[in-house]
Amino acid sequence: METTQSQPATTNSKASFITGTVISVLCILFLLFDAIGKIILQKNVISASAKLGWVETTLQGMGITLLISTILYIIPKTKILGAILLTAYLGGATATMVRVGQPFYFSVVFGILVWLGAYLTNSKLRNLLPLVK
(Lines give C-alpha, C1' and ligand atoms only; values in the text may rest on other atoms or scores of the structure.)
Protein backbone atom coordinates (compact mmCIF):
# COMPACT_ATOMS: atom_id res chain seq x y z
CA MET A 1 0.00 0.00 0.00
CA GLU A 2 1.38 3.34 -1.02
CA THR A 3 0.94 6.35 1.19
CA THR A 4 1.02 9.85 -0.12
CA GLN A 5 1.71 12.90 1.90
CA SER A 6 -0.37 15.87 1.00
CA GLN A 7 1.09 19.26 1.47
CA PRO A 8 -0.80 21.59 3.77
CA ALA A 9 -2.78 24.26 2.02
CA THR A 10 -1.04 27.61 1.88
CA THR A 11 -3.04 30.48 3.29
CA ASN A 12 -2.67 34.12 2.49
CA SER A 13 -1.04 36.18 5.19
CA LYS A 14 -2.40 39.68 5.45
CA ALA A 15 0.99 41.15 4.53
CA SER A 16 1.41 39.03 1.39
CA PHE A 17 -2.14 39.78 0.28
CA ILE A 18 -1.69 43.53 0.75
CA THR A 19 1.70 43.49 -0.98
CA GLY A 20 0.30 41.48 -3.88
CA THR A 21 -2.70 43.79 -4.15
CA VAL A 22 -0.51 46.90 -4.25
CA ILE A 23 1.73 45.37 -6.92
CA SER A 24 -1.32 44.26 -8.95
CA VAL A 25 -3.01 47.67 -8.70
CA LEU A 26 0.13 49.48 -9.88
CA CYS A 27 0.44 47.08 -12.82
CA ILE A 28 -3.27 47.43 -13.63
CA LEU A 29 -3.13 51.24 -13.61
CA PHE A 30 -0.15 51.28 -15.98
CA LEU A 31 -1.71 48.69 -18.30
CA LEU A 32 -5.04 50.53 -18.43
CA PHE A 33 -3.25 53.79 -19.18
CA ASP A 34 -1.32 52.10 -22.00
CA ALA A 35 -4.40 50.34 -23.41
CA ILE A 36 -6.55 53.48 -23.40
CA GLY A 37 -3.77 55.52 -25.03
CA LYS A 38 -3.64 52.98 -27.85
CA ILE A 39 -7.43 52.77 -28.24
CA ILE A 40 -7.97 56.54 -28.43
CA LEU A 41 -4.85 56.92 -30.60
CA GLN A 42 -3.14 59.48 -28.39
CA LYS A 43 -0.49 61.45 -30.30
CA ASN A 44 2.37 60.47 -27.96
CA VAL A 45 1.44 56.80 -28.27
CA ILE A 46 1.30 57.01 -32.07
CA SER A 47 4.73 58.64 -32.31
CA ALA A 48 6.35 56.27 -29.78
CA SER A 49 4.85 53.26 -31.54
CA ALA A 50 6.01 54.50 -34.93
CA LYS A 51 9.59 54.59 -33.60
CA LEU A 52 9.18 50.91 -32.70
CA GLY A 53 7.89 50.03 -36.16
CA TRP A 54 4.17 49.80 -35.36
CA VAL A 55 1.81 51.50 -37.78
CA GLU A 56 -1.14 53.49 -36.49
CA THR A 57 -3.71 51.03 -37.88
CA THR A 58 -2.46 48.28 -35.54
CA LEU A 59 -2.62 50.29 -32.32
CA GLN A 60 -6.34 50.05 -31.57
CA GLY A 61 -6.31 46.27 -31.92
CA MET A 62 -3.31 46.07 -29.63
CA GLY A 63 -5.04 48.38 -27.16
CA ILE A 64 -8.24 46.31 -27.15
CA THR A 65 -6.21 43.12 -26.65
CA LEU A 66 -4.37 44.72 -23.75
CA LEU A 67 -7.60 46.08 -22.25
CA ILE A 68 -9.32 42.67 -22.35
CA SER A 69 -6.28 40.95 -20.86
CA THR A 70 -6.07 43.55 -18.10
CA ILE A 71 -9.79 43.24 -17.30
CA LEU A 72 -9.34 39.48 -16.99
CA TYR A 73 -6.39 40.14 -14.65
CA ILE A 74 -8.55 42.45 -12.50
CA ILE A 75 -11.26 39.81 -11.92
CA PRO A 76 -10.11 37.42 -9.16
CA LYS A 77 -11.59 34.29 -10.80
CA THR A 78 -9.84 35.00 -14.11
CA LYS A 79 -6.65 36.58 -12.76
CA ILE A 80 -4.44 33.66 -13.83
CA LEU A 81 -5.83 33.70 -17.38
CA GLY A 82 -5.26 37.46 -17.44
CA ALA A 83 -1.69 36.97 -16.23
CA ILE A 84 -1.06 34.41 -18.98
CA LEU A 85 -2.43 36.75 -21.65
CA LEU A 86 -0.47 39.70 -20.26
CA THR A 87 2.67 37.58 -20.31
CA ALA A 88 2.09 36.88 -23.99
CA TYR A 89 1.49 40.58 -24.68
CA LEU A 90 4.63 41.56 -22.77
CA GLY A 91 6.57 38.87 -24.65
CA GLY A 92 5.62 40.66 -27.84
CA ALA A 93 6.77 43.93 -26.31
CA THR A 94 10.08 42.31 -25.38
CA ALA A 95 10.52 40.96 -28.91
CA THR A 96 9.77 44.39 -30.37
CA MET A 97 12.35 46.07 -28.14
CA VAL A 98 14.99 43.47 -29.04
CA ARG A 99 14.18 43.88 -32.75
CA VAL A 100 14.73 47.66 -32.67
CA GLY A 101 17.79 47.44 -30.42
CA GLN A 102 16.24 49.09 -27.36
CA PRO A 103 16.55 47.93 -23.73
CA PHE A 104 13.97 45.25 -23.05
CA TYR A 105 14.27 44.86 -19.28
CA PHE A 106 11.13 46.92 -18.52
CA SER A 107 8.74 44.47 -20.17
CA VAL A 108 10.48 41.49 -18.55
CA VAL A 109 10.39 43.05 -15.07
CA PHE A 110 6.80 44.12 -15.64
CA GLY A 111 5.82 40.54 -16.52
CA ILE A 112 7.49 39.34 -13.33
CA LEU A 113 5.51 41.93 -11.34
CA VAL A 114 2.24 40.80 -12.93
CA TRP A 115 2.92 37.23 -11.81
CA LEU A 116 4.21 38.31 -8.40
CA GLY A 117 0.97 40.20 -7.77
CA ALA A 118 -1.05 37.13 -8.79
CA TYR A 119 1.16 34.80 -6.73
CA LEU A 120 0.92 36.85 -3.54
CA THR A 121 -2.86 37.24 -3.71
CA ASN A 122 -3.82 33.72 -4.79
CA SER A 123 -3.23 30.87 -2.34
CA LYS A 124 -4.21 28.25 -4.96
CA LEU A 125 -1.41 29.48 -7.21
CA ARG A 126 1.04 29.32 -4.31
CA ASN A 127 -0.07 25.73 -3.63
CA LEU A 128 0.47 24.87 -7.29
CA LEU A 129 3.91 26.52 -7.44
CA PRO A 130 5.42 26.46 -3.98
CA LEU A 131 8.65 28.47 -3.92
CA VAL A 132 9.63 27.30 -0.45
CA LYS A 133 8.70 24.21 1.50
Side-chain angles (χ1 to χ4, degrees):
M1 178 185 263
E2 192 175 312
T3 60
T4 59
Q5 294 180 353
S6 63
Q7 297 213 359
T10 305
T11 58
N12 272 355
S13 72
K14 190 173 184 178
S16 71
F17 185 78
I18 290 171
T19 304
T21 301
V22 168
I23 291 169
S24 292
V25 166
L26 292 174
C27 289
I28 289 165
L29 290 174
F30 177 83
L31 292 166
L32 289 175
F33 181 77
D34 188 29
I36 291 168
K38 285 177 172 58
I39 292 170
I40 65 171
L41 296 174
Q42 185 184 27
K43 288 181 184 180
N44 295 340
V45 174
I46 294 171
S47 64
S49 298
K51 291 176 185 174
L52 298 174
W54 293 104
V55 293
E56 185 176 338
T57 56
T58 62
L59 294 181
Q60 285 183 320
M62 289 170 57
I64 291 168
T65 301
L66 181 56
L67 181 63
I68 291 169
S69 301
T70 304
I71 290 170
L72 289 171
Y73 185 74
I74 292 170
I75 301 167
K77 288 190 177 207
T78 59
K79 189 170 195 125
I80 303 303
L81 175 60
I84 291 167
L85 294 174
L86 289 172
T87 303
Y89 183 88
L90 292 167
T94 301
T96 297
M97 299 306 276
V98 168
R99 181 179 52 82
V100 297
Q102 297 290 324
F104 61 90
Y105 58 86
F106 180 79
S107 55
V108 173
V109 170
F110 204 82
I112 292 168
L113 289 174
V114 164
W115 277 102
L116 182 61
Y119 187 82
L120 292 174
T121 58
N122 189 323
S123 59
K124 290 180 183 178
L125 181 58
R126 286 201 315 277
N127 285 335
L128 183 64
L129 301 168
L131 296 179
V132 289
K133 291 187 178 191

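Everything numeric here is computed off the predicted structure, so don't read it as measured data.
- Remark: K79 NZ to T121 OG1 distance equals 4.0 Å, nearest 0.5 Å.
- When side chains are defined from C-beta on, T96 counts as touching W54, because their heavy atoms get closer than 4.5 Å.
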Less than 3.5 Å apart, which donor and acceptor atoms pair up between the side chains of residues 100-116 and the rest of the protein, not counting sequence neighbours?
{"from": "S107", "atom 1": "OG", "to": "T94", "atom 2": "OG1", "distance (Å)": "2.6"}
{"from": "S107", "atom 1": "OG", "to": "F104", "atom 2": "O", "distance (Å)": "3.1"}
{"from": "W115", "atom 1": "NE1", "to": "T87", "atom 2": "OG1", "distance (Å)": "2.6"}

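- Rounding to the nearest 0.5 Å gives a distance of 11.5 Å between CD1 of I68 and CG of L86.
- The shortest side-chain heavy-atom distance between V45 and L41 does not fall under the 4.5 Å cut-off.
- I36 CD1 to L31 CG: the interatomic distance, rounded to the nearest 0.5 Å, is 11.0 Å.
- Between atom OG of residue S69 and atom CD1 of residue I64 there is a gap of 11.5 Å, rounded to the nearest 0.5 Å.
- M62 and K38 make their closest contact through CE-CE, 3.9 Å (heavy atoms, listed as atom of the first residue, atom of the second, distance).
- From I18, atom CD1 reaches atom OG of S13 across 8.5 Å, with rounding to the nearest 0.5 Å.
- For the pair L85 and L72, the tightest heavy-atom approach, listed with the atom from each and the gap, is CD1-CD1, 3.6 Å.
- Cluster annotation: L90 and I71 are assigned to the same hydrophobic cluster (Ile/Leu/Val/Met/Phe/Trp/Tyr, side-chain heavy-atom contacts under 4.5 Å, transitive).
- Hydrophobic clustering keeps I74 apart from Y119 (ILVMFWY residues linked when any side-chain heavy atoms are closer than 4.5 Å, directly or through intermediates).
- The two atoms that bring R99 and L52 nearest to each other are NH2-O, 2.7 Å, heavy atoms only.
- Residue I80 holds its CD1 atom at 8.5 Å from OH of Y73, rounded to the nearest 0.5 Å.
- Here the shortest heavy-atom pairing between R126 and L120 reads NH1-O, 3.2 Å.
- Considering only residues two or more places apart in sequence or on other chains, N122 meets the side chain to side chain donor-acceptor pair (under 3.5 Å) condition with none of them.
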